[in-house]
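Below you'll find the structure, written out as structure tokens, and then a few comments.
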Amino acid sequence: MSNQMIYGMEMNIHQRDEHTIQVYVLNVKEGKNPHHVTTIEHSSKHPERTKANGAPYARVHDNLFHVLKEQLVKEGKWEKGKGDS
């Protein structure tokens, strides 16, 4: 089995608000927009809202949110109580 991991990719993250982390991933393809932008939200952003089937929204990823938040906290880039923007 060959290794399926991509090493050395560039990824930048920042806090958008207390429930959202913005993620920029360097696209592996060259082109006009080399970065893919997405957000990772904590379920506390939409505490009473779910999809019709009861599943959380697609951007809600609590485990990944905590991993990325920990990195921002270590680097002094996390602001407590930062409001929605």
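Considering NZ of K45 and CG of D17, their distance stands at 4.0 Å, rounded to 0.5 Å. Here the CH2-CD1 distance, from W78 to I13, works out to 9.5 Å after rounding to the nearest 0.5 Å. With rounding to the nearest 0.5 Å, the separation of CD in Q22 from OG1 in T38 is 7.5 Å. Note that the CD1 atom of I21 and the NE2 atom of H14 stand 10.0 Å from one another [nearest 0.5 Å]. Here L72 contributes atom CG and E79 contributes atom CD; the two are 10.5 Å apart, rounded to the nearest 0.5 Å.
With sequence neighbours excluded, no residue forms a side chain to side chain donor-acceptor pair (under 3.5 Å) with Q15.
Side-chain contact between T20 and I40 is absent, with no heavy-atom pair separated by less than 4.5 Å.
Through side-chain heavy atoms spaced under 4.5 Å, either directly or across other Ile, Leu, Val, Met, Phe, Trp or Tyr residues, V37 is tied to Y24.
Here the closest non-hydrogen pair linking S44 and H19 is OG-ND1, 2.8 Å.
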Under 3.5 Å, sequence neighbours excluded: what are the donor-acceptor pairs made by side chains of residues 62-70?
residue : atom : partner : partner atom : Å
D62     : OD1  : S43     : N            : 2.7
D62     : OD1  : S43     : OG           : 3.4
D62     : OD2  : S43     : OG           : 2.8
H66     : NE2  : H42     : NE2          : 3.3

